[in-house]
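Scope of the values below: all heavy atoms of this structure, side chains included, with no hydrogens, waters or symmetry mates. Lettering of chains follows the sequences in order, A, B, ..., and the numbering in each one begins at 1.
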There are 4 protein chains.
Amino acid sequence: MSIEKAAPRRRNQATLEVILAATYELLQQNGFDRLTIEGVAARAGVGKTTIYRWWPSRGALAVDAFLAVVSPQLSFNETASASEDIRQQVRRLAAVYDGEVGKIVREMIGSAQFDSTTLALFNEGYLQPRRTAAKAALQRGIEQGEFRADLNPEHVIDALYGPVYYRLLTGASIRDEAFLSTLEAYVLDGISLKGTACDQRSLRE
Amino acid sequence: MSIEKAAPRRRNQATLEVILAATYELLQQNGFDRLTIEGVAARAGVGKTTIYRWWPSRGALAVDAFLAVVSPQLSFNETASASEDIRQQVRRLAAVYDGEVGKIVREMIGSAQFDSTTLALFNEGYLQPRRTAAKAALQRGIEQGEFRADLNPEHVIDALYGPVYYRLLTGASIRDEAFLSTLEAYVLDGISLKGTACDQRSLRE
Amino acid sequence: MSIEKAAPRRRNQATLEVILAATYELLQQNGFDRLTIEGVAARAGVGKTTIYRWWPSRGALAVDAFLAVVSPQLSFNETASASEDIRQQVRRLAAVYDGEVGKIVREMIGSAQFDSTTLALFNEGYLQPRRTAAKAALQRGIEQGEFRADLNPEHVIDALYGPVYYRLLTGASIRDEAFLSTLEAYVLDGISLKGTACDQRSLRE
Amino acid sequence: MSIEKAAPRRRNQATLEVILAATYELLQQNGFDRLTIEGVAARAGVGKTTIYRWWPSRGALAVDAFLAVVSPQLSFNETASASEDIRQQVRRLAAVYDGEVGKIVREMIGSAQFDSTTLALFNEGYLQPRRTAAKAALQRGIEQGEFRADLNPEHVIDALYGPVYYRLLTGASIRDEAFLSTLEAYVLDGISLKGTACDQRSLRE
DNA sequence: AAATAATCGAGACGGTACGTCTGGTCTTACC
DNA sequence: GGTAAGACCAGACGTACCGTCTCGATTATTT
């Protein structure tokens, strides 16, 4: 009787891509809160059921669509100075968040406050990969003798990027150079090995 | 001739208070995304029109209700050490945000990403007063010779509180003592006047 | 300026007239079902309370407004032939009902189906006066020897005007000459004294 | 190949019947002007959208509900005398209109004054079928030699039923035997071939 | 090549809430 | 001290989407 049937999940990859593309377009045009499953279905020429079959919520769909487009960006350079690499990456991030992507990131985080699945997806798919890359830069800095070996990379990243996200989410300017360099002074000096860190800081400011 | 006519808005104060109370109760019980104008009207025993008359959006109503309840909290102590006052206030904030209020703050910020009026209200009614208090503490620190006189208070506050909000909004633990003390080390040492700041830091960690 | 004291009720009459005028204008423009008390109050520059004070319902207000304008119309001629007077009056009525007044009469009767006060007002203020005039014409016909003395004027009027209102209310043409003359043939012949009634009709048709 | 595709409307017949039944019940209980779409939806256990999907207006819904219940009534007998059949049918009609159905008919016609769709539906679904039956009776009368062959059936029906509806709509008694027999005397005599009514007319015309 | 079965588009369905409109009552401030 | 202006509670309006549920019509293996 119970001859094991092969699981014939034949999901149509093309369909999923059409859905994600439609979702991202609508996300750009109208923002997350005017994104509706019905709208995506209509735009993608797809039945609502198909969307519900593959995504658990509107937020999950939006995050997926966002990731498909935005993920391959914002990498770190690898120059001689890890410290300088981090400084530059922070500025690239600020530049990107100053535009359309920033609006979508704001809305992703905003909507994630109301749906833990969305939050988890956004964390795992977006924030964590970025933190991993930052950790690698920090590790390089340690190995190159720039940073203290006992730093806690999670806390450093929180201290460095937290204020950027905070300003993004509270409507403050994200590309304020004075803000960015002050921030770097506190954090990067805080993790610097050189005794001159304090001195240099006082000199710079 | 043209004697200024008094504003003809004769809003009923009692009614508004009933509405705000009902809103806050529902906010606590069900969260912001299940807060509906109809629900508030029903709970408050009030016509929907009355709510729409005085608040431009659901978010604005929620912020007002939140402010009416939560505002008079989270003050700073005033001991001999401004630095210590700040440390303690950060911990009190973390403790409060670890509970119900934290959930509401997350949702306020979350919803503010979709409505600029809500964001403005939350900023002006909640965040700015808190920042003003923090600025006063910083100022006291300067006057007492604890902090550098040339610090930019806005940036210091961003650097100090930004990571807290970032962790709150990305689901990380808000009361992680290691995180908090590391953060303070970076920022408070960064603004400390004493040359020993760096030394003390290295000793502590 | 001119401090005109007292004159206690003087304002009332003027106010009522303003209200009735505003009502009739709105009745013409938008029809009965889009007539609202609020609209009338706004148009007349009057408080809603004032309207509610003097009229029990929207229908009653509409009927009053209608009567104030339309009443002094549609009189009977008094020629040698009562029969001919009636024939002519029916045609005048049909002509008037073919236009704007007809639309309002339709809507008055329509709304009267839902409010007995409106129906009573319309009956007493509009239909009965008209029936009284018709009865006078019938009476003259009896006295002149044109009509049978034992006719029941109410029933004659029902038979003569009923079909006109019926067609008005069911959307049929009200000025169909064949319809009108057939109708008159049945009714006026039915009440005619002379055997020659038939003759006269055949000559005419 | 290109065989006409069937209409993709997959309406659920059972749902529609539930809606019509609920509508009629509410119509009976509260009358047309207190009939609300929301009320019908609640009573029928149906979404409002479903009602709006299939009926353009409250009036159209009410007419449909009325037709579903009332249509199969008020037929004509077929005895030897067409004249007598008509007389009896008029009395049956008057009897039915004297009760609950009469109230609904009044309200249908009343509401039809404000919505041409409702008027058209009521005409086509209710009045015209009844007129068709009456025309058949007249035709039988002609063929049996009771009525003049040149009568215009539309006008005869207007003359016969118009006053009944007129009295119904103006609040007069609908079962007044004197009224009914007077009316029949005028109209049926007017179309009779037999010499009693007006001998000379039949000869000449 | 035919039979089989998951997947698809379409959209009807019972619902919830929206933001608006109006009803009828009650309140306030001016004249 | 009467009235305009309008706030108030109530509740229906017609619309937008929700998430579930059929429908046939593709397709893509499996037989």
V63(A) side chain reached by F32(A) side chain, heavy atoms, under 4.5 Å:
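No - every pair of side-chain heavy atoms lies 4.5 Å or more apart.
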Among [options], which is the nearest nucleotide to the side chain of [X]?
{"X": "Y52(C)", "options": "dA16(F), dC13(E), dT25(E)", "answer": "dT25(E)"}
{"X": "T15(A)", "options": "dC8(F), dA17(E), dG9(E)", "answer": "dG9(E)"}
{"X": "V46(A)", "options": "dG9(E), dC8(F), dT27(E)", "answer": "dG9(E)"}
{"X": "T49(D)", "options": "dA4(F), dT25(E), dC17(F)", "answer": "dC17(F)"}

Return whichever of G45(B) or K48(B) has its heavy-atom-nearest nucleotide of DNA chain F closer to the 5' end.
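Comparing both residues, the 5'-ward one is G45(B).
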Atom pair distance, as rounded to whole Å: [atom1] in [X] and [atom2] in [N]:
{"X": "R53(C)", "N": "dT25(E)", "atom1": "CZ", "atom2": "P", "value": "12 Å"}
{"X": "I51(B)", "N": "dC9(F)", "atom1": "CD1", "atom2": "P", "value": "9 Å"}
{"X": "D115(A)", "N": "dC18(F)", "atom1": "CG", "atom2": "P", "value": "14 Å"}
{"X": "N12(B)", "N": "dT28(E)", "atom1": "CG", "atom2": "P", "value": "8 Å"}
{"X": "R43(C)", "N": "dA4(F)", "atom1": "CZ", "atom2": "C1'", "value": "18 Å"}
{"X": "I19(D)", "N": "dC13(E)", "atom1": "CD1", "atom2": "P", "value": "7 Å"}
{"X": "R58(A)", "N": "dG19(F)", "atom1": "CZ", "atom2": "P", "value": "9 Å"}
{"X": "L61(A)", "N": "dG19(F)", "atom1": "CG", "atom2": "P", "value": "12 Å"}

Output all residues satisfying side chain to side chain contact (heavy atoms under 4.5 Å, CB included) with A112(D), sequence neighbours left out; order by chain, then residue number.
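Once residues adjacent in sequence are excluded, the partners of A112(D) under the side chain to side chain contact (heavy atoms under 4.5 Å, CB included) criterion are T118(D), L119(D).
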Which residues share a side chain to side chain contact (heavy atoms under 4.5 Å, CB included) with V18(D), sequence neighbours left out:
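Side chain to side chain contact (heavy atoms under 4.5 Å, CB included) check on V18(D) returns A44(D).
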Side-chain N or O of T50(D) versus OP1/OP2 of dG14(E): is the shortest distance under 4.0 Å?
yes
Are W54(B) and dC8(F) close enough that a side-chain N or O sits under 4.0 Å from OP1 or OP2?
yes
For the OH atom of Y52(B) and the CZ atom of R58(B), what is their distance to the nearest 0.5 Å?
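One gets 10.0 Å once the value is rounded to the nearest 0.5 Å.
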Can you tell me which residue pairs pass the salt bridge (Lys or Arg N to Asp or Glu O under 4.0 Å) test with a partner in residues 100-126 of chain D, sequence neighbours excluded?
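The answer is none; no pair qualifies.
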Sorted by first residue and then second, give each salt bridge (Lys or Arg N to Asp or Glu O under 4.0 Å) pair with at least one member in residues 29-47 of chain A; sequence neighbours left out.
E25(A)-R43(A), E38(A)-K48(A)
List in chain and number order the residues that pass side chain to side chain donor-acceptor pair (under 3.5 Å) with Q13(B), two or more places apart in sequence or in another chain; answer none if no residue qualifies.
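By the side chain to side chain donor-acceptor pair (under 3.5 Å) rule, Q13(B) matches E17(B).
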Near-strand residues of residues 25-41 of chain B, defined as heavy-atom separation under 4.0 angstrom from DNA chain E
T36(B), I37(B), E38(B)
